[in-house]
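Heads up, the thing below is written out as structure tokens.
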Amino acid sequence: MHPRRSAQEVLLCDLCEAVPLQSHCELCNINLCKACVGEHLSDTSKDHKVVPFLRRKATPNYPKCPKHADKHCELHCEECNIPVCSTCISSGKHKGHDMSDILKKLSANTESLQKDLKELETRIYPQYEIMVSNVETEKAELERNYGKLTTDADEQGEILHREITAIVNQRKSAITEMKTKHLDALKKNTDEITQKMAELKQIMSDLKSMLKSNDISLTSTYKSRNSEFRTLPPKVRVTLPSFSPQKINKDQLNEMFGSLSPLSINTEHGDTMKSAEAVSSPPVKPLLDEPRVTATIDTGYNRLFSVSCLSEDQVWTHGENNTMKLLNLQSKLLTSIQTKSGRLPHDIAVTRDGDLVYTDEYKHTINLIKNKQIQTVITLQGWIPLRVCCTAGNDLLVTMISDDLKQSKVVRYSGSTEKQSIQFDDQGRPLYSSGGLYNYKYLSENKNLDICVADRSASAVVVVNQSGKLRFRYTGHPSNTKQSFTPVGITTDSQSHILTADYQRIHILDQDGQFLRYIHCHLKLPLGLCVDIRDNLFVAEWLTAKVKKIKYL
């Protein structure tokens with residue numbers, strides 16, 4: 001706002017900017033004082049329309065004609081798709097062309113702009129945010145993966161070093177052994193020669209004594225041994241061992257070390273999002289005044305925790321043991337599968353392809369069951385998987401808690417690849433409460449791609465958009481002050497309704513968190529929820545271990 005246009009000051013003339021205004025020119029859309037009116041009307045190139053200021057009308061901002069500078073365009077030529085003035089029309093260039101009021105055209109264009117803006121804000125831009133988040137996640141994962149490659153190379157190097165050191169030590173040991181044998185042989189030879197030398201010394205000493213004594217008896221009995229000693233003792237000859245090093249074949253050594261696959265960088269063509277108009281809206285289904293139970297399934301468990309729809313008449317369930325059961329509406333057991341670890345699954349969900357997914361808090365794994373074969377898809381480090389849901393895009397959304405039970409988050413996976421992590425709001429505050437393993441955080445993806453979490457410890461349903469930005473928290477019906485709100489199970493339907501259980505009844509909210517109504521139906525501690533393709537609600541009753549199918553739309 002202009003500093004002279006504040007609510008505390010008199011509005012002044014737009015021309016002289018000194019005297020309070022009195023009049024308004026609706027053609028030029030300017031305010032005038034009494035003295036400036038005459039000056040303004042002196043410009044005869046326009047048909048000015050000056051009225052008292054208080055009687056002014058909201059003047060549309062007609063565009064100036066590009067061909068006739070003194071004219072404004074009040075019409076739009078549909079055939080030429082351009083704004084035109086009265087002079088353009090009288091020139092005959094637009095003879096026979098359909099004309100429309102330019103304000104109506106502006107209104108239509110404004111509506112189109114608003115649609116584009118809404119699509120950009122709510123659908124397109126959030127997808128770009130997710131892509132950026134995915135790239136950042138990939139960059140973080142990159143550090144871990146390349147670090148592992150470096151560690152693997154170091155470990156392989158250490159293995160080769162150990163092998164080479166072992167070979168060197170083996171050769172040195174062999175050399176030491178040969179040296180010992182060589183020395184032993186020389187020592188034995190020396191001992192033999194020394195012994196002979198001692199005998200020779202004794203003989204030479206005896207002969208000298210005999211010569212000095214001139215004793216005939218001694219000299220007559222002397223027997224010479226010179227011939228014996230003329231044959232010298234054997235001489236030991238040892239050929240020294242030699243070391244013949246092989247020329248190092250670098251190519252062979254490189255091959256022995258192990259190969260590194262080449263880096264492959266491919267740029268995929270980006271997916272084209274459907275326009276907002278191309279996304280068909282589901283037919284509007286009003287809520288029934290009196291929801292009714294249409295089927296009851298006895299699961300055979302003592303306590304029931306989760307239910308997930310495979311079809312309109314078949315549901316997967318899990319209770320207080322390690323067996324997951326597929327049942328029909330007549331309570332007939334169709335299939336049963338035990339968990340890989342033999343422990344209780346924390347949650348179950350059905351994929352778009354009809355396969356079953358379950359989380360195992362004990363093994364820190366997320367598992368896929370396809371054709372009755374259990375495959376571990378994801379193994380977490382430092383986090384425990386809790387609740388899981390499958391999205392329309394065939395991703396997995398998983399609530400999880402840190403090993404120290406101090407942090408909670410929601411993670412989106414495509415296959416085994418982490419695509420998105422949702423943990424904090426824009427101010428860096430945790431979106432979800434922390435706590436023990438049974439701090440339930442059921443979750444569901446809405447049709448508008450919002451992610452809805454029933455956070456029991458926070459006594460709130462926490463809803464973020466597809467890029468992870470907080471939209472709202474629902475903490476129960478405002479009029480209900482007597483009973484606490486304890487949300488557990490949660491699901492969504494084709495109308496983007498959010499349905500959440502609070503151990504007593506089902507709350508139905510619109511996509512913006514506005515309370516619509518309750519579903520009671522004499523439920524006994526409702527816990528897990530799911531909705532089939534026809535918007536039938538299935539409720540897992542913890543107390544009775546029964547699943548109730550409810551018609552509410």
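The figures here come from the full heavy-atom set of this structure, side chains too, leaving out hydrogens, waters and symmetry mates. Sequence positions, counted from 1, serve as the residue numbers for this chain. Not measured: the values here are computed from a predicted model.
- Close placement of the Phe485 and His507 rings is indicated, their centers lying within 6.0 Å of each other.
- Atom OG1 of residue Thr399 and atom CG of residue Asp455 lie 9.5 Å apart, to the nearest 0.5 angstrom.
- Tyr474 and Phe515 have parallel rings, their planes meeting at less than 30° on a 0 to 90° scale where 60° marks the start of perpendicular.
- With values rounded to the nearest 0.5 angstrom, Glu290 atom CD is found 12.5 Å from Leu287 atom CG.
- Remark: the backbone N or O of Leu449 is not paired with any side-chain donor or acceptor of Asn446 at under 3.5 angstrom.
- Between Lys148 and Glu155, none of the side-chain N atoms (NZ, or NE/NH1/NH2) sits under 4.0 Å from a carboxylate O, so this pair counts as no salt bridge.
- The line from CG of Leu443 to OG1 of Thr492 is 10.0 Å long, rounded to the nearest 0.5 Å.
- When the shell of 6.0 Å around NZ of Lys285 is examined, it contains more than 12 heavy atoms from other residues, nucleotides or ligands.
- The side-chain heavy atoms of Ile550 and Arg292, taken from C-beta on, include no pair separated by under 4.5 Å.
- Here the CZ-SG distance, from Arg505 to Cys521, works out to 13.5 Å after rounding to the nearest 0.5 Å.
- Tyr503 does not carry Lys524 over the face of its six-membered ring by the limits of under 6.0 Å from the centre and within 45° of the normal.
- In the model, Gln314 has no side-chain atom that pairs as donor or acceptor with a side-chain atom of Asn328 under 3.5 Å.
- A salt bridge is defined here as a Lys NZ or Arg NE, NH1 or NH2 lying under 4.0 Å from an Asp or Glu carboxylate O, and Arg303 with Glu320 fails to meet this definition.
- Because its NZ or CZ atom is both nearer than 6.0 Å to the ring centre of Trp383 and within 45° of the ring axis, Lys409 counts as a cation-pi partner of that residue.
- In Asp98, the CG atom is not crowded: 12 or fewer heavy atoms of neighbouring residues, nucleotides or ligands sit closer than 6.0 Å.
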